[in-house]
Amino acid sequence: MSASRWLIRLLFIGIISFSTQAKIFTTPILAEANELLQTNPEQSLAMTTRYLDQRRLSAPKETSRVHINDETDHSVRTPLSTVNALQILAKAHSLLNHPDKAIAAIKQAEDISTEENLTFSRLESQLIHADIYWSNLKNNARSLKMLSKVETDIVASSHLMLDSQIKRLQYQALMQRSIIESATDHESEAEKGFLKAKRFLINLDDPAELIHYQLVVGRHYFKHGHYDTALDRLLSGYWLAVENDDQAQTAVANYDLAVLFEQRKVFDKALEHATQAGEFFEHYDRSRPLAKTLELIASIYEQQGRFNLALVHYFNALDQENQLNSDIRSARLRLSIARVYLQLYNYPKSEQYLHHTRLIATQTGNEAIMAEAQILQGELELAEGKPEEAITNLQTGLMAASRIGNRDLQLEGENLLSRAFEQQNDYYNALLSQRRYEQLFITKQQAQVRSNVEVFKQQQRMLERSLHLEELERQQFESSKALYKQKNVTIFLFCLSGVIFILLVRRHKTAKQLQARLLRLRTDFYTHPRSGLRNLRMLTAKLPNSLQQSSANFEQWHLGEIINEPLSDRLRFALFEVPFLKHIYLKHGYQQGLDLERQFGEYLNQQICEPARLYHFSDAMFLYIEPNSRLDSAPDQLAGSLQQLVDRFLENKHIDNRVRVGMAEYPFLPRAYTAINDHELLDILLMATNAAREISKQESGSQWVHLSAIDAAPAASFASDNIRRSCIQGIHNGLVKVQTSGSCDISWNNDHVSDKNIS
């Protein structure tokens, strides 16, 4: 592939990158695999793995391919496309909860990026690496340390990247850091990070990132109890996803809204959004989010008292988690099933699932699930009339809940423990448990009050700003009205006169500018871009409307403003071809060809004097028109004059100076001035020029051919829809006289056959 084609590809990719400000995959396979990450990570993983296996990495010596993601050779992958593929591979493994494979893939991407000096790809890979440590391994310390290093590298490497790339990396780093801060209960730091990230997001112009931002910030506010603000953000993300037809993020938004509505006890809306999310996850076979959605739907049914439906969905979710080999999720689902059976008074089944839950919690060492299981076990034993066993399990569960800081579980446990002591007539301990319950409840209420106060303050600030704005608008309206009343008629007329004067001056100036611009455009429009001579558009634009004929084929005379009185104005036409203009580009290059053609155009423009005119007909062909005042002049004189023009220009240039000339006069038929129109006359000239070209192939030097009808040629002989065929027939019948510089015979039949084929 030539260097010019590579340059065009680079410019095209660069233009797209600046316009969209988003990651570009020029390889269709990788673009499709990246799109499938959110809907079908298994298929994305398979496609990317197949891409890496079936193609070899381009060798370092292939310098033209190192940093360009071109895939015209389907057996080779460039370093950049290889890094992109490994990034997709790591993301797919991360979504499928394979952290070891994800880390191995992203490390390989970092190594290749470092070797090939792909700065942006290296930093992007490091961000993905940090995200894997948080998303899959929950190692916030390691992830934050890696993010700090990436942020330092972004600043140090800013001169090696585009401004849009720097902003994208800074945005992604801030978002990852803020998500970790939010999850680790650093609410203020997380909120500051989200606000900083939003400034970069505005410049990215990426709808998908905007949707993701709204959903992440909505989850942050929900986690920290700001439910109204969370609802606003999540709904904004949801409608943006619907508007952009982003089905994957619409499903995520549906799930988040369902969780929020379930938390706020708005069960009908929660069920509606959860069902929509579940349909999407089921359609795309997303087992993990489908299991979470089924669990959420089951929880909603459980809180509504629809226990049978709750059990059905809990069991479906449990089947999904068993396929995923997720012990912790399975234990939590078994715990929920045990709780539902307890509410259905099916104590054996409840005991059975609680036993399995405790076994899994013990094996995995999950203290949170063990605490919940102990509390539920105590509730079950209390229901079975075993207060002593219930007290033991409840106390054990309360200690575990206190260690992990689960306040809701402590509330439930203290309430049950109070009831258990009461059944044993131990009213003192029952009272102590009840007091602890009340203290915990008061603490919880205070936290909710603080949260409500913050929300109320936000609403108050918004209301105050709104009221202040309305007051300012009212004052502005009154001031404007008072000012208007104070104006007198004299000032009004003076201002009106001034405005009219300014408008007139501006219109005059604008008209002059437009006239000058129109003149420049007309000059450019009617000038050939390379030679600078008048082009065929000039012929079309200068048509006189004085010529008319009764034939339906006659429209206008397309050869310029040259005929006003057709009965007295005779013209001679010469269509000549200069072959060296065709070959100069191939032999000497594009730039030298342009220079020579421009010089030739300027030369001809200086040599041709009015009333003669010259038009650049096509790449190497020119149309010369002059008044035919010399009726008896031989055509070889005109051909010789054109040859002399070319010879003088090419003097000392050692370039082919041959000229092929086709000539004819207007009117072509002496007795029928308007029988042959402009298109037909051009066809006759093209026939003559082509004949001169054929002669030049057989004889050396310049050649010319002149066609003219005899004085007695009838117009009816040329009344045909194919002037070439009529002209050839006229040559054979002696109606058209052929003069030529060559000695060989001209074969007109071939031209006639081609005309038949074309027609």
Side-chain angles (χ1 to χ4, degrees), residues 262 265 267 271 274 291-402 404 406-424 430 433 437:
E262 187 262 349
K265 308 302 180 186
F267 296 127
L271 197 58
K292 292 170 63 178
T293 307
L294 289 171
E295 182 184 2
L296 177 61
I297 294 173
S299 175
I300 296 169
Y301 282 135
E302 181 185 351
Q303 294 177 73
Q304 288 179 322
R306 303 159 74 178
F307 299 120
N308 290 328
L309 285 173
L311 279 176
V312 169
H313 285 83
Y314 275 134
F315 282 128
N316 289 336
L318 184 60
D319 290 339
Q320 297 289 333
E321 294 294 352
N322 288 336
Q323 293 176 9
L324 295 169
N325 295 322
S326 178
D327 293 334
I328 295 175
R329 297 283 305 164
S330 297
R332 192 167 293 281
L333 285 168
R334 292 175 190 275
L335 186 64
S336 299
I337 293 170
R339 186 175 58 249
V340 174
Y341 274 127
L342 176 59
Q343 295 177 82
L344 289 172
Y345 304 103
N346 191 338
Y347 302 142
K349 281 287 187 181
S350 181
E351 176 65 37
Q352 176 186 344
Y353 279 95
L354 270 175
H355 176 68
H356 290 159
T357 302
R358 288 198 302 272
L359 284 177
I360 297 173
T362 303
Q363 291 171 0
T364 58
N366 192 302
E367 193 171 8
I369 295 178
M370 180 60 75
E372 291 184 49
Q374 292 286 355
I375 297 293
L376 188 58
Q377 182 69 36
E379 185 178 0
L380 173 61
E381 290 168 344
L382 190 60
E384 290 177 334
K386 304 175 182 177
E388 292 183 4
E389 291 86 346
I391 290 171
T392 303
N393 284 302
L394 288 170
Q395 289 176 337
T396 305
L398 278 169
M399 286 189 290
S402 178
I404 62 177
N406 191 330
R407 188 173 298 163
D408 292 334
L409 194 58
Q410 288 177 270
L411 277 167
E412 183 182 357
E414 292 292 354
N415 187 33
L416 291 171
L417 188 59
S418 177
R419 286 167 50 194
F421 281 125
E422 191 175 349
Q423 283 188 14
Q424 281 194 322
S433 295
Y437 170 82

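Residue indices begin at 1 and follow the sequence shown.
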Point-to-point distance, once rounded to the nearest 0.5 Å, from CD of Q395 to CD1 of I375: 10.0 Å
Residue from R334, R332, R358 passing salt bridge (Lys or Arg N to Asp or Glu O under 4.0 Å) with E372: R332
Listed partners of F307 passing ring pair (Phe, Tyr, Trp, His ring centres under 6.0 Å), at least two apart: none
Any donor-acceptor N or O pair under 3.5 Å, side chains Q377, E381: yes
Heavy-atom side-chain contact between F315 and H313 under 4.5 Å: no
Check: T396 side chain, T392 main-chain N or O, donor-acceptor pair, under 3.5 Å: yes
Beyond-backbone contact of L411 with Y437, side-chain heavy atoms, under 4.5 angstrom: yes
Short side-chain donor-acceptor distance under 3.5 Å, Y341 and Q352: no
Closest non-hydrogen atom pair, G413 against L394: O-CD2, 4.4 Å
Any side-chain heavy-atom pair of S433 and F421 under 4.5 Å: yes
Shortest non-hydrogen separation from G378 to A390 and the atoms involved: O-CB, 3.3 Å
Minimum side-chain heavy-atom gap E321-E295 below 4.5 Å: no
Main-chain N/O of N346 paired to S350 side chain as donor or acceptor, under 3.5 Å: no
E262/S299 under side-chain hydrogen bond (donor to acceptor under 3.5 Å, both in side chains): CA gap, chis, key distance, verdict: CA-CA 8 Å; E262 187 262 349; S299 175; 3.2 Å; yes
